[in-house]
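None of these values were measured; they are calculated from a predicted model. Excluded from the calculations below are hydrogen atoms, water molecules and symmetry mates; all remaining heavy atoms, backbone and side chain alike, are included.
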Amino acid sequence: MEKLNFFRTDLLVEHEEMVRHRTEQEKETLKESKGVLFDEQRKGRVIVTSVTIDAEGEKRIGKKAGKYLTLTCPTLTPSDTDGLEELTNVLKTKLAEMTAHIPNLQSGKILLIGLGNREVTPDAVGPLTMDRMKEIVPHYYSDEGSELYVYAPGVTIQTGLETAHFVKAIVTEIKPDLLIVVDALAARDSSRLCKTIQLTDTGIHPGSGVGNSRKEVSRETLGVPVIAIGIPTVVDGPVLIADAINTLFNYIATKIEEENSPSSRLSVSPWLRSENKNADQSTLVPIFGDWTAWPHEERVQLFEEVLANHELNTFISPKEIDSWAYQYADLLATAVTDWMETIKTSH
């Protein structure tokens, strides 16, 4: 099959170069790669993946030079209060680390921009976060002016204006010492949906993950430091189909492996068998054909090719997206508010 780049994602950890280095041995190889510094640690339940790319790395893998942090809590649910609090604390800590080198933050101006369409729930995380951040604006306002500015510009289809132009006009007027942008992202791995936060100092291309890329919002385009915080809320439809097919194949392969197991004879129902994600799928070739042995990425490419220009070529969000959007708005607002208080009261 011809090698095509069908994968649409906003997450660096899902970039082809990162995906190739998932095993421990391959991660060690990536750590030693020129131009790309890779590190992964666990903070409680949160997996923190750090990738730093320099100019050489940018040329090699095609991703913008800078620092990318990915915070993932694989077992998170919308009602998991402890997990959400743990993720909040890690985000606050990492935000402090990423902004530690930026001068004048204690007495300077900080601008928060929430990108997205508040009328479309999967895209509403940015505006909803700004709604909550408005509550603390009075604490940083005086007769001399404000130290905190909060704005949600909407999307181009609502205003007729390019989002980046909106942001640039505000930056030109306010002249902030730091711009923080919050936006919803697209993922290529359904297991990351609403369980991951990406934090980067490279800025953002609004809409790039869903194939509707707008102009860049970054230090290079605005002249001020930019920190982008993103939450993956949608996944490409063909990816979800490939995930479902893989789950089905694993389930059937597991049943075949367990067929002659003594314990399987004690089962009162076939539904009691658990899925083995490491089951040997080669046993399915006589049943379904050679494509059962294809790598996951090639299956996704197949569905992308089949569904191109088809109504099924769409993006999917979790059924609990309403709860996720509000939970993340609260989480991000809490983390940024606590970080702001620490910055403004430090000496």
Membership question, hydrophobic clusters at under 4.5 Å side-chain separation (ILVMFWY): are I227 and I136 in the same one? yes

Identify which one of T72, T49, D189 satisfies the side chain to side chain donor-acceptor pair (under 3.5 Å) criterion when paired with T196. T72

Between V234 and P122 the two heavy atoms that sit nearest each other are CG1-CB, 3.8 Å

Validation row: V167, L179 side chains within 4.5 angstrom (heavy atoms): yes

Between OH of Y68 and OG1 of T52, what distance do you get to the nearest 0.5 Å? 10.0 Å

Minimum heavy-atom distance P225-I102, with the two atoms named: CB-CD1, 3.9 Å

When you compare the side chain of I231 with that of I197, does any pair of heavy atoms fall below 4.5 Å? yes

Could you tell me if the side chain of V182 sits less than 4.5 Å from the side chain of L112, heavy atoms only? no

Would a hydrophobic clustering, with Ile, Leu, Val, Met, Phe, Trp and Tyr connected at side-chain separations under 4.5 Å, put W294 with L284? yes

Check whether the side chains of S317 and W324 place a donor and an acceptor atom closer than 3.5 Å, and report yes or no. no

Can any side-chain N or O of E147 pair as donor or acceptor with the backbone N or O of Y140 at less than 3.5 Å? no

Is any side-chain N of the basic residue among R188 and D236 closer than 4.0 Å to the acidic one's carboxylate O? no

Shared hydrophobic cluster, V155 / I321 (ILVMFWY, side-chain heavy atoms < 4.5 Å): no

For a 4.5 angstrom cut-off between non-hydrogen side-chain atoms, does R45 reach D80? yes

Do the non-hydrogen side-chain atoms of P153 and I113 ever get within less than 4.5 Å of each other? yes

R132 versus L128: any side-chain heavy-atom pair under 4.5 Å? yes

Measure the shortest side-chain to side-chain distance between L248 and F288 over non-hydrogen atoms and say whether it is less than 4.5 angstrom. no

Mind checking what makes side chain to side chain donor-acceptor pair (under 3.5 Å) contact with K64, not counting sequence neighbours? E216, S218, E220

Determine whether the side chains of T156 and E162 contain a donor N or O and an acceptor N or O closer than 3.5 Å. no

Is there a path of hydrophobic side-chain contacts, each under 4.5 Å between heavy atoms of I, L, V, M, F, W or Y residues, that connects M130 with Y141? no

Check for a donor-acceptor pair, side chain of Y328 on one end and backbone N or O of C194 on the other, with a separation under 3.5 Å. yes

Determine whether E97 and K94 satisfy the following criterion, salt bridge (Lys or Arg N to Asp or Glu O under 4.0 Å), listing intermediate values before the conclusion. CA-CA 5 Å; E97 292 176 2; K94 295 304 177 182; 3.3 Å; yes

Could you check if a side-chain atom of T70 sits within less than 4.5 angstrom of a side-chain atom of R192, using non-hydrogen atoms only? yes

Given 3.5 Å as the limit, does a donor-acceptor pair link the side chain of N117 with the main chain of D123, or not? no

